> 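Below is one structure. I have some questions about it.
Naming convention: chains lettered A, B, ... in sequence-line order (proteins, then strands); numbering from 1 in each chain. Source: prediction; values computed, not measured.
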Amino acid sequence: MLAQFKKGLLKTREAFKNRFESLFGVNELDEDFFDELEEILVSADVGVKTTEKIIGLLRERIKKERVRERSAARELLKKLLVEMLDDNQQASLAVAPSPPTVYLILGVNGVGKTTAIAKLAYRFSSKGKRVLLAAGDTFRAAAIEQLDEWSGVVGAGIIKHQEGGDPSAVIFDAVNAAVSRGVDLLLCDTAGRLHTKANLLDEMKKIYRVIQKSLGEAPHETLLVVDATTGQNAIAQARLFQEAVPITGLILTKLDGTARGGIVLAVKDITGIPLKLLGVGERKEDLEPFNAAEFVEALLA
Amino acid sequence: MLFSGLSEKLQDTFRKLRGKGKLTEKDVDSALREVRLALLEADVSYKVVKQFAASLKEKALGAEVLKSLTPGQQVVKIVHAELVKLMGETQSKISPVDNPPGVVMLVGLQGSGKTTSAAKLARLLKKNGHNPLLVAGDIYRPAAIKQLEVLGKEIAVPVFSLGKEDPVIIITQALKEAGKVGNDYVILDTAGRLHINEELMDELIRIKKKTNPLEILLVVDAMTGQDAVNVAQAFHEQLGLTGVILTKLDGDTRGGAALSVRAVTNCPIKYVGTGEKFEAFEPFYPDRMASRILGMGDVLSLIEKAEAVVDEGKRQILEKKLRSQSLTLEDFLEQLGQIKQMGPLEDLLGMIPGLNRAGKQLKSLSLDEKQLVQAEAIIQSMTREERLHPEIINSSRRRRISLGSGTTVQDVNRLLKQFEQMKKMLKQINALEKGKHKRRGMFPF
């Protein structure tokens with residue numbers, strides 16, 4: 001399932017693997033083990049605080065279970081990380097009891113929202129579902145054209161207005177169109193916005209309200225897109241977006257590079273937002289559902 | 001912000017040691033640990049931090065720290081100075097063109113902000129009297145060419161495009177065109193690509209061989225984490241970068257990537273992107289970046305922004321008024337206008353050290369842009385007489401003002417109350433100063 005992600009990781013795997021082998025190859029559990037573990041986690045963008053927390057928890061478990069070997073400690077670590085990432089929160093996406101299902105996609109600039117939407121659309125349209133896209137990024141030049149081109153590629157309809165228009169109005173029209181056309185899924189694109197800009201967060205809240213008002217239960221998923229190359233700022237992003245509207249999950253993009261995306265551990269730990277989807281390449285097929293065990297395996301591969 | 005300022009932490013560390021007499025190497029080690037953590041929290045690469053901490057230790061062990069009465073501040077000072085040194089002490093700008101046209105290639109990962117930066121750079125060059133040409137070389141991302149064309153139109157800079165032709169051919173044709181028209185700078189926007197994508201990296205190498213660029217600038221998102229070193233190293237090894245553009249600095253990221261990239265490529269950061277508008281493109285100031293990475297706020301930028309909009313003469317008059325407590329609503333209105341000119345409030349607040357940590361608390365301070373607009377509207381609905389002597393504003397005047405400004409009487413009351421409180425506060429401050437209380441410096445050093 002994570003073939004693409006793993007393939008992407010292969011290129012830098014060697015260097016990483018060597019470190020890990022030195023970490024787990026020697027079977028003696030000493031302080032070096034924890035120092036090396038710290039380096040591995042921090043280098044994967046897990047962040048100092050979450051790394052310290054993980055190491056603290058691991059030490060407790062090692063003591064409790066009387067583990068004396070690195071190999072056994074490694075298994076404990078994996079288990080711990082899987083638990084942190086997936087505390088029985090389903091990674092599956094919510095579907096409305098009666099269509100249309102509406103997903104709202106949010107994020108800062110350049111994280112890959114539009115591409116993620118195209119991939120999501122393909123995921124559903126290839127299973128015979130009718131998908132409609134809402135071109136809610138009316139700000140960035142040619143963003144509407146970008147989504148328009150994708151809609152043809154992935155076989156989805158599109159509702160669009162002029163550049164510079166009111167995004168809430170596009171979304172309003174799209175929700176109504178989704179209902180009247182009887183589509184299964186409506187995916188709402190939005191402009192990239194930094195989490196520090198109050199006016200843009202207000203605009204986003206308005207979009208959310210418009211969806212809510214037009215269709216009681218919707219949006220069924222409000223997904224925050226996070227770039228895997230992002231460092232500690234992703235925590236602030238998740239926090240402030242979550243304060244503005246209820247975020248139901250993360251899409252972690254650009255995992256086909258050398259970034260490990262360890263920041264999701266910190267984001268999950270601090271905000272509780274579960275990871276739901278992974279972007280692992282440039283093709284329309286390159287979107288994978290999140291699986292904690294496989295993700296941790298790839299993270300520590 | 002999740003992380004409190006480094007100087008505060010260091011002061012804590014050393015406070016514990018107070019009264020211990022002479023500081024030892026171990027004490028310095030614990031201080032350096034704080035430095036290390038601060039840099040890691042700011043996303044500086046683990047390896048770069050390690051090297052930096054090692055080189056720092058020698059300097060910190062120097063007699064000046066150990067003998068100092070304020071070792072915490074001494075360490076911060078050294079760290080700050082070393083960071084500035086690492087990031088290049090002087091400002092670096094785009095190279096002049098000797099033999100036009102000079103090619104400026106923008107390269108980087110997807111979503112780092114190449115197309116926006118290309119337009120911003122073109123606008124800046126044009127403003128400085130140059131005649132740039134933008135070239136649309138991103139043939140992969142849907143509508144990328146259109147995006148550049150739209151931006152070019154907005155800044156009135158020509159855009160050369162050949163659709164989805166091989167980028168090497170596009171740039172070759174563009175250079176011919178530039179030769180004919182007489183463009184001095186040719187700015188090539190390239191597709192976002194992964195540094196491990198051999199095929200696409202090869203495309204850039206071919207462009208480089210063909211055009212012998214004046215500048216190859218790596219565009220890096222300031223929010224990038226530990227991966228920044230891998231990306232920068234790979235691009236630099238394959239292309240030989242000449243500089244860096246750091247984007248999206250208008251957020252609250254500490255921007256440690258700046259240090260990582262500089263450390264592995266040794267290339268100067270030439271420009272920073274600080275917003276969605278075309279003008280939000282500035283030269284890079286290493287000292288400010290160092291403060292930002294250390295979580296000390298960007299005081300210098302704030303001061304510069306204030307200086308840019310505040311007329312010195314007016315400032316002196318205002319100061320006099322503040323001191324003589326004859327501040328009127330008229331002055332208040334002018335202040336509001338100036339604050340607005342300085343840009344979004346939250347940006348300004350983020351630049352103040354200490355404040356950027358307050359995070360949530362700030363929000364409850366309700367320094368909302370909307371309130372500023374409202375306050376402005378209310379004051380504008382007053383007569384000059386009312387602005388100078390707010391005490392004459394009775395209930396019928398209040399009603400008139402609220403109607404005129406589209407607010408409620410309560411809003412008008414609130415504003416008048418706030419103004420009274422402000423005057424009171426000024427009185428207290430003045431009294432304090434007159435009482436020869438030594439004013440504590442705003443900055444720890």
> Could you check whether any side-chain heavy atom of A/Glu145 comes within less than 4.5 Å of a side-chain heavy atom of B/Gln147, counting everything from C-beta outward?
no
> Using a distance-only test with no angle check, is there a side-chain donor-acceptor pair under 3.5 angstrom linking A/Gln232 and B/Arg254?
no
> Heavy atoms only, distances under 4.5 angstrom: which of B/Leu109, B/Asp221, B/Thr224 has the most pairs with chain A? Name it, please.
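When all of B/Leu109, B/Asp221, B/Thr224 are compared, B/Thr224 has the most.
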> Please flag which part of A/Leu41 lies under 4.5 Å from any non-hydrogen atom of chain B: side chain, backbone, both or neither.
neither
> Any Lys/Arg nitrogen of B/Lys153 or A/Glu163 sitting under 4.0 Å from an Asp/Glu carboxylate oxygen of the other?
no
> The test is side-chain contact (heavy atoms from CB on, under 4.5 Å); show your working for A/Lys49 and B/Glu41 and say whether it passes.
CA-CA 8 Å; A/Lys49 283 194 182 138; B/Glu41 282 288 343; 3.7 Å; yes
> Just verifying a value: how many Å separate B/Gln110 CD and A/Glu282 CD, rounded to the nearest 0.5 Å?
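Going from CD on B/Gln110 over to CD on A/Glu282, the span is 4.5 Å.
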> In terms of heavy-atom pairs under 4.5 Å with chain B, which of A/Val42, A/Val111, A/Ile263 leads?
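It is A/Val42.
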> Are the side chains of B/Glu276 and A/Leu194 in contact, using a 4.5 Å heavy-atom criterion?
no
> Select, from B/Ala119, B/Gly255, B/Pro142, B/Ala143, the one with the greatest count of heavy-atom pairs under 4.5 Å involving chain A.
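Heavy-atom pair counts peak at B/Pro142.
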> To the nearest 0.5 angstrom, please state how far the OG1 atom of A/Thr230 sits from the CG atom of B/Asp43.
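The distance works out to 9.0 Å.
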> Search all heavy atoms of B/Asp252 against all heavy atoms of A/Ala236 and return the closest pair with its distance.
OD2-CB, 3.7 Å
> Measuring from atom NZ of B/Lys146 to atom CD of A/Glu149, what distance do you get when rounded to the nearest 0.5 angstrom?
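Rounded to the nearest 0.5 Å, the NZ-CD separation comes out at 10.0 Å.
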> Closer than 3.5 angstrom, by distance alone: can the side chain of B/Lys248 be matched with the main-chain N or O of A/Asn109 as a donor-acceptor pair?
yes
> At a 4.5 Å cut-off on heavy atoms, which part of A/Val108 comes close to chain B: side chain, backbone, both, or neither?
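The side chain, not the backbone.
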> Provide the closest heavy-atom pair for B/Asp250 versus A/Thr196 in the form atom of the first, atom of the second, distance.
O-OG1, 3.8 Å
> Let's go through A/Asp256 and B/Leu194 carefully: what are the C-alpha distance in whole Å and the side-chain angles of both, what is the deciding distance for side-chain contact (heavy atoms from CB on, under 4.5 Å) to 0.1 Å, and is it a yes or a no?
CA-CA 8 Å; A/Asp256 46 335; B/Leu194 285 172; 3.3 Å; yes
